[in-house]
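Worksheet for the structure shown next.
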Amino acid sequence: MNNDQLQDQVDSIRQTFGYIREFRGATFVIKIDSSLIQNEDSFPVLLRDIVLLHTAGIQIILVPGAKQRIDQILSHFNISCATVGGRRISTPEAIPFVKMAAFDVSNRLMTLLAENKENAVIGNWVRARSLGVSQGIDYQCTGTIDKIDGPALQNVLEDEVIPIIPNIGWSLSGHPYNISSNELAYEISCAVKSEKLFFLTDAPPISSSTYKLLPDMETDEAGRISSLSTDQIEPFISLNTHKGVYDTNMELLTYASRASKKGVKRVHLIHGCDDGVLLQEIFSNRGAGTMIHRDLHENIRPAQHTDIADILRITAPLIKEGILLHRSYEDIQNALSEYYVYEIDKTLHGCGALRKYSDGSYEIYSVAVDKSYASLGTGKQLLSYLTARAEAQRAPRVFLLTTQTIDWFLNLGFTEAHLADLPAEKAASYNHGRSSRILIKELSAPRQRR
Ligand SMILES: CC(C)(COP(=O)(O)OP(=O)(O)OC[C@H]1O[C@@H](n2cnc3c(N)ncnc32)[C@H](O)[C@@H]1OP(=O)(O)O)[C@@H](O)C(=O)NCCC(=O)NCCS
C-alpha cells in the first residue's frame, strides 16, 4: 500500500468514527424488500452490517417487505389478487396466506439476527383499519395504518432489542389487514422520530439512464442521483410520472418527502444489497444510494432592495463597535447581488455576502446576526450557505478578514493565512491600519454529508 492509499484509508476511518459519534443513540428505521431478504447469498452479509450498526450504539427497527413471498405463497395455493396503484387487494380468502408470508419473512430476519447473537422481537405495535371502498374499488382486507404505539416501541429499543414489524395490522375489533410495508416504515419513522429512514429496494437506482432530470440536478459519474432535497421531489415526480404506470421509486420518494417534512432528517433509497451498500451510504459522503434531505438553508435567500434598511439595522451597531467595516446604503445597493439574508416569518435575523475574485476564490464578508437572535445557529448556517455557494462554483477556497471573530471562524474550519495568500487585488487594497486577521478555508469538489 503506498502513502496516498494509506492516507485515504486513515481519512475514511476518521470519517467513519465521526459518523459513529454523531449517530450513537439515534434510531434508524430500515425497510427491506422481501426479494432482498430471500437472497441466500447477499442478505446474510447485509444483515451482518445491520448488526454492526446496532453494536455501534444505533437503535434499529426492521420492517420486512413481504411482496415476493406473498406472491409465491398465493401462487402455490392458486389464489390471485388484483393490484391497484402497486397495492394488492387482499381478499378474505387470501389474508391467512398473506399473514403466513409476512411472518415467514419476519422469522427469517429473526433467525439470522439470532445467528448473529442479537436479541430481536417480532411484534404488533400497529393498529390498522380498512381502506374501505374508494373510487368504486373495494379494498377488502387491505388496510391502512391507524396508530403506531411509539412509546411501547421506544421501550423495546431502550432494552437494546431490535423490533421486527411485519406488514400486518389488527383493527380495534381484531380484524387483520394487509398493510403496505413502505407506508408502515414511513409511519414508524415519524412515530419514533427516527434520525434516518432507509428503503432497501429491488427497484432500479434513481439515475439519469432511467429518469428525466430537473435542470438543477447533479449526478455522479455513473449517472446516479446521490441526493435530492424535498423541494425537488414534487417536480421530479411530476416529470417522471406516466398515467396508469406504477413506479416503486416514485412511491418511495413520496413517502421520503412526507417523512422529511415531519422531521425525519434523512431518508435513503438503496437499490439492491451489494456487499457494503448500507455502510457506504451511511459512512461515506458520496453514499451508494439516493439521499433525501430537507433544505438546510431554507431560511436563506438572495437579498432584495427592500432588505437594505434591515441589513443596515443589523450591521450598524457592529460597525459602530468597529467589528464590521463601514458600508453605506449605496455600497450595499451597488453590491446587492452579493448579499444573502436569513429570514424567518418575514423578519431578517442576519445577513452575509460573497464576492468573487480573479483567481476564482471568494471573499465572505458582512456576516452579521441580529443580537436578539444570537446563538441560534443562524451565523453558522449563513457561513455554511456562503461556503457551499462558493464550493458549487468550484472555488478553490474562501477567505475573509476579521478583527474580533477569529475563534468563531477557526472553530468552523477556517485557518489563519497571510497577505500573500490573498488574491492580488485584495492584497493590494488591504488596510494595514486595521490589521485584520486573514482566514482561509480550502474547498474540495462539492460533497454532501449523509
Ligand atoms: C459571529 C456571529 C455571526 C455569530 O452568529 P450567531 O448566529 O450567534 O452564531 P451561532 O449561533 O452559529 O454560534 C454561536 C456560538 O458562537 C459563539 N461566538 C459568537 N461570537 C463569537 C466570537 N466573536 N468569537 C468566538 N465565538 C463566538 C457564541 O458564543 C456561541 O457559542 P455557543 O454555541 O457555545 O453558545 C455573530 O455573533 C455576529 O454577528 N458577530 C458580529 C459580526 C462579526 O463578527 N462577523 C464576522 C466578520 S465577517
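Every number for a ligand or one of its atoms is a count from 1 in the order of the listing.
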Checklist entry - Which protein non-hydrogen atom lies closest to atom 40 (N) of ligand 1, naming both residue and atom, and how far is it? => result Leu318 CD2, 4.6 Å
Checklist entry - Do Arg355 and Glu363 sit within salt-bridge range, that is, some charged N less than 4.0 Å from a carboxylate O? => result no
Next on the checklist: I'd like to know if atom 23 (N) of ligand 1 has any protein heavy atom within a distance of less than 4.0 Å.
Outcome noted: yes
Item to check | N or O contact, Tyr365 vs ligand 1, cut-off under 3.5 Å | outcome: no
Next on the checklist: Quick one about Ser35 and Asp33 (side-chain donor to acceptor, distance below 3.5 Å, no hydrogens or angles considered), yes or no?
Outcome noted: no
Checklist entry - What about Tyr342 and Tyr385, are their ring centers closer than 6.0 Å? => result no
Checklist entry - Closest non-hydrogen protein atom to atom 20 (N) of ligand 1, residue and atom name please, with distance? => result Trp408 CD1, 4.5 Å
Checklist entry - If hydrogens are left out, which of Val369, Leu400, Asp407 has an atom nearest to atom 39 (O) of ligand 1, that is, the closest non-hydrogen atom? => result Val369
Item to check | Donor-acceptor side-chain pairing of Ser189 and Ser194 below 3.5 angstrom | outcome: yes
Item to check | Under-4.0 Å protein heavy-atom contact, atom 18 (N) of ligand 1 | outcome: yes
Checklist outcome for this item: Closest to atom 42 (C) of ligand 1 (heavy atoms only, candidates Val367, Leu382, Leu439) is Val367
Item to check | Donor-acceptor contact below 3.5 Å, side chain Asp159 vs main chain Val161 | outcome: no
Checklist entry - Which atoms of ligand 1 are found less than 4.0 Å from any heavy atom of Gly377? => result 10 (P), 11 (O), 12 (O)
Next on the checklist: Can you confirm if the aromatic rings of Tyr365 and Phe399 lie within a centre distance of less than 6.0 Å?
Outcome noted: no
Checklist outcome for this item: Of His349, Lys380, Gln381, Glu363, the one whose closest heavy atom lies nearest atom 12 (O) of ligand 1 is Lys380
Checklist entry - Closest non-hydrogen protein atom to atom 32 (P) of ligand 1, residue and atom name please, with distance? => result Ser375 OG, 4.8 Å
Item to check | Arg258 to Tyr186, cation-pi by 6.0 Å centre distance and 45° axis angle | outcome: yes
Checklist entry - Once the angle between the rings of His305 and Tyr329 is folded into 0 to 90°, is it parallel (under 30°), tilted (30 to 60°) or perpendicular (over 60°)? => result perpendicular
Next on the checklist: For atom 29 (O) of ligand 1, is there a protein heavy atom at a distance under 4.0 Å?
Outcome noted: no
Item to check | Distance filter under 4.0 Å to Ala368 heavy atoms, resulting ligand 1 atoms | outcome: 39 (O)
Checklist entry - With a 4.0 Å cut-off, strictly under, does atom 7 (O) of ligand 1 pick up any protein heavy atom? => result yes
Checklist entry - Which ligand 1 atoms are under 4.0 Å away from a heavy-atom of Leu376? => result 11 (O)
Item to check | Modelled atom types, side-chain donor and acceptor of Glu251 and Tyr246, under 3.5 Å | outcome: yes
Checklist outcome for this item: A student comparing Leu325, Leu383, Thr405, Asn411 should find that the heavy atom closest to atom 44 (O) of ligand 1 comes from Thr405
Checklist entry - Is the closest basic N to carboxylate O distance between Arg87 and Glu183 below 4.0 Å? => result yes
Next on the checklist: So for ligand 1, is Gln404 a polar contact partner (N or O within less than 3.5 Å, distance only)?
Outcome noted: yes
Checklist entry - Hey, is Lys67 close enough to Asp202 for a salt bridge, meaning N to O under 4.0 Å? => result no
Next on the checklist: Under a 3.5 Å cutoff, is there a donor and acceptor pairing between the side chains of Asp146 and Tyr177?
Outcome noted: no
Item to check | Phe409 N/O to ligand 1 N/O under 3.5 Å | outcome: no
Checklist outcome for this item: If we number the atoms of ligand 1 from 1 as shown, the ones under 4.0 Å from a heavy atom of Ala374 are 8 (O)
Next on the checklist: Does only the side chain of Thr378 get under 4.0 Å from ligand 1, or the backbone, or both, or neither? Count heavy atoms.
Outcome noted: both
